[in-house]
Amino acid sequence: MSFSYEVKTELCRADIGPKTMAAAQAYGVLLFANTFTAREIRIVTGNADLASHFPRLFKRSFGLDFDSVSGDGERKKKIFSITDEAKLKKVLSTYGYEAESLTALHINLGALEDEGAKESFLRGAFMAGGSVTDPEKRYHLELSTTHPFVSRELPALLSDMGFESRLVRRGQNYVTYFKMSSAIEDLLTKIGAPVAAMKIMNTKIEKDMTNSVNRRVNCDTANVLKTVVAAEEQLHAVKRLREAGAFEALPEKLREVAEAREENPEMSLSELAAFMGLTKSGLSHRMKKLADKAAELD
């Protein structure tokens with residue numbers, strides 16, 4: 001089951017509400033459905049909960065039933081259609097359209113005057129033409145429609161609600177989309193899918209924690225490697241001095257740090273400095289002198 005399927009199932013659990021809210025939700029379904037013209041309404045879904053939801057929604061909104069409900073072969077999709085002229089006129093007139101003169105569909109904002117109606121409209125739009133990617137993979141939510149004017153007007157409606165979206169065309173579809181996880185969380189909460197929104201939030205927190213741990217591990221690994229390399233270089237210098245018979249001629253302070261390094265090869269410079277009661281810069285200065293004296297032998 002995809003994440004989009006889960007979200008749409010969650011949306012179906014919410015109460016349809018009074019007729020005005022139902023009509024706003026049905027409006028979103030229609031404008032983002034497969035077909036909505038003066039000749040036909042056609043809605044296709046593979047979600048069993050939506051298949052149960054749509055007949056109840058249209059009954060509450062318009063007091064009518066679909067003319068036909070059929071299956072779509074092995075894909076187990078349901079196709080809901082209305083072709084009856086009287087029913088189509090009733091649906092169209094609900095949103096201020098004239099069937100006889102309808103050429104292109106717009107969003108009639110007069111049918112979505114309050115915030116609740118807008119939220120219901122977006123809920124229906126997502127049910128019919130929405131998808132959201134599993135947050136484990138990436139953050140992406142989109143609403144797809146075949147109506148160009150609807151796609152141009154939707155961002156303005158979203159902006160009024162505090163959402164900034166982007167628009168792209170894919171073939172015959174016009175897609176409004178979001179890529180910011182916070183915007184997706186807020187939108188899902190608005191349209192009635194708070195559980196899905198919480199899943200995105202939790203996933204983001206887990207990702208941030210994992211990334212933080214990985215950065216810390218990488219940093220620690222780099223520091224350990226740096227310590228090992230530095231210690232090896234210092235031990236090599238001490239060994240070179242011993243082999244050349246120059247060790248005993250070193251000043252006492254240099255011999256002390258050389259012996260301390262030989263006895264504690266695993267310690268970082270900071271740890272060795274603390275062990276010897278020196279400052280890190282002081283120890284570093286003495287180690288450099290050792291390296292310089294070893295280099296003079298080459």
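Along the sequence shown, the residues carry numbers beginning at 1. Bear in mind the structure is a predicted one, so any value in this text is a computation, not a measurement.
- Rounding to the nearest 0.5 Å places CE of Met127 at 6.5 Å from CZ of Arg123.
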Between Glu142 and Arg170, is a salt bridge (charged side-chain N to carboxylate O under 4.0 Å, His left out) present by the stated rule, with each step listed?
-> CA-CA 12 Å; Glu142 63 183 41; Arg170 294 195 201 123; 2.8 Å; yes
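- The residues Lys190 and Asp186 are annotated as not salt-bridged, no charged nitrogen and carboxylate oxygen being separated by less than 4.0 angstrom.
- Between Tyr177 and His140, a ring centre-to-centre spacing shorter than 6.0 Å is recorded.
- Side-chain atoms of Tyr95 come within 3.5 Å of backbone atoms of Ala23 as a donor-acceptor pair (strictly under, hydrogens ignored).
- Using modelled atom types, one finds a donor on one side chain and an acceptor on the other under 3.5 Å when comparing Ser68 with Ser81.
- Put simply, OG1 on Thr145 and CG on Leu154 are 8.5 Å apart, with the number rounded to the nearest 0.5 Å.
- Under the 6.0 Å distance and 45° angle rule, Arg242 counts as a cation-pi partner of Phe247.
- Annotation: Lys118, atom NZ; neighbour count of heavy atoms from other residues, nucleotides and ligands within 6.0 Å is above 12.
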Decide yes or no on salt bridge (charged side-chain N to carboxylate O under 4.0 Å, His left out) for Lys89 and Glu85, but give the supporting numbers first.
-> CA-CA 6 Å; Lys89 283 186 176 182; Glu85 185 177 346; 3.6 Å; yes
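- Atom CZ of Arg56 sits in a crowded spot, with more than 12 heavy atoms from other residues, nucleotides or ligands closer than 6.0 Å.
- Taken together through direct or relayed side-chain contacts under 4.5 Å among Ile, Leu, Val, Met, Phe, Trp and Tyr, Leu167 and Leu157 form parts of separate hydrophobic clusters.
- Cluster annotation: Ile191 is not connected to Val195 through the hydrophobic network of ILVMFWY side chains, with a link wherever side-chain heavy atoms come within less than 4.5 Å.
- In terms of heavy-atom proximity, Met276 sits nearest to Ala260 at SD-CB, 3.5 Å.
- Side chain of Asn34 to main chain of Val44: a donor-acceptor pair is present (N/O by atom type, distance under 3.5 Å, no hydrogens or angles).
- When side chains are defined from C-beta on, Thr45 counts as touching Phe54, because their heavy atoms get closer than 4.5 Å.
- To the nearest 0.5 Å, atoms CZ (Arg261) and CD (Glu233) are separated by 11.0 Å.
- Rounding to the nearest 0.5 Å gives a distance of 11.5 Å between CG of Leu143 and CG of Leu31.
- In this structure, Glu266 places its CD atom where more than 12 heavy-atom neighbours from other residues, nucleotides or ligands lie under 6.0 Å away.
- Under a 4.0 Å N-O distance rule, the pair Lys87/Asp67 qualifies as a salt bridge.
- Between Leu64 and Val91, the closest side-chain pair of non-hydrogen atoms falls below 4.5 Å.
- A 6.0 Å sphere centred on CE of Met198 holds no more than 12 heavy atoms belonging to other residues, nucleotides or ligands.
- Linking ILVMFWY residues whenever their side-chain heavy atoms come closer than 4.5 Å, directly or via other members, leaves Met180 and Leu122 in distinct clusters.
- The only member of Tyr27, Tyr97, Phe149 that meets ring-ring contact (aromatic ring centres under 6.0 Å, His included) when paired with His106 is Phe149.
- Using the six-membered ring where Trp is involved, Phe58 and Phe62 have ring planes that are perpendicular, over 60° apart on the 30 and 60° scheme.
- Checked by atom type and distance alone, the side chain of Ser61 pairs as donor or acceptor with a backbone atom of Leu57 at under 3.5 Å.
- Atoms CD1 and CZ, from Ile82 and Arg39 in turn, are 15.5 Å apart once rounded to the nearest 0.5 Å.
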Would Lys59 and Asp65 satisfy salt bridge (charged side-chain N to carboxylate O under 4.0 Å, His left out), going step by step from the backbone distance to the final call?
-> CA-CA 6 Å; Lys59 194 71 172 179; Asp65 299 314; 3.5 Å; yes
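- Rounding to the nearest 0.5 Å gives a distance of 6.5 Å between CG of Leu290 and CG of Leu241.
- Residue-environment remark: NZ (Lys179) exceeds the threshold of 12 foreign heavy atoms within 6.0 Å.
- Other residues, nucleotides and ligands place more than 12 heavy atoms under 6.0 Å from the NZ atom of Lys204.
- The shortest distance between side-chain heavy atoms of Lys78 and Val69 falls below 4.5 Å.
- Ser284 is listed as a side-chain neighbour of Leu269, based on a closest heavy-atom distance under 4.5 Å.
- Classification of the His147-Phe36 ring pair by plane angle, with boundaries at 30° and 60°, yields perpendicular.
- Ile41 and Leu50 end up in the same hydrophobic cluster when Ile, Leu, Val, Met, Phe, Trp and Tyr side chains are linked at under 4.5 Å.
- Within the 4.5 Å cutoff, no side-chain heavy atoms of Glu262 are placed close to those of Lys239.
- Within 6.0 Å of CZ on Arg216 lie no more than 12 heavy atoms contributed by other residues, nucleotides or ligands.
- Residues Val132 and Phe178 fail the side-chain proximity criterion, which asks for heavy atoms closer than 4.5 Å.
- Glu136 has its side chain within reach of Thr203: a pair of non-hydrogen atoms, C-beta onward, lies under 4.5 Å apart.
- Here the side chains of Leu188 and Leu141 are in contact, with some heavy-atom distance below 4.5 Å.
- The aromatic rings of Phe121 and Phe32 lie perpendicular to each other, with more than 60° between the two planes, well past the 30° mark.
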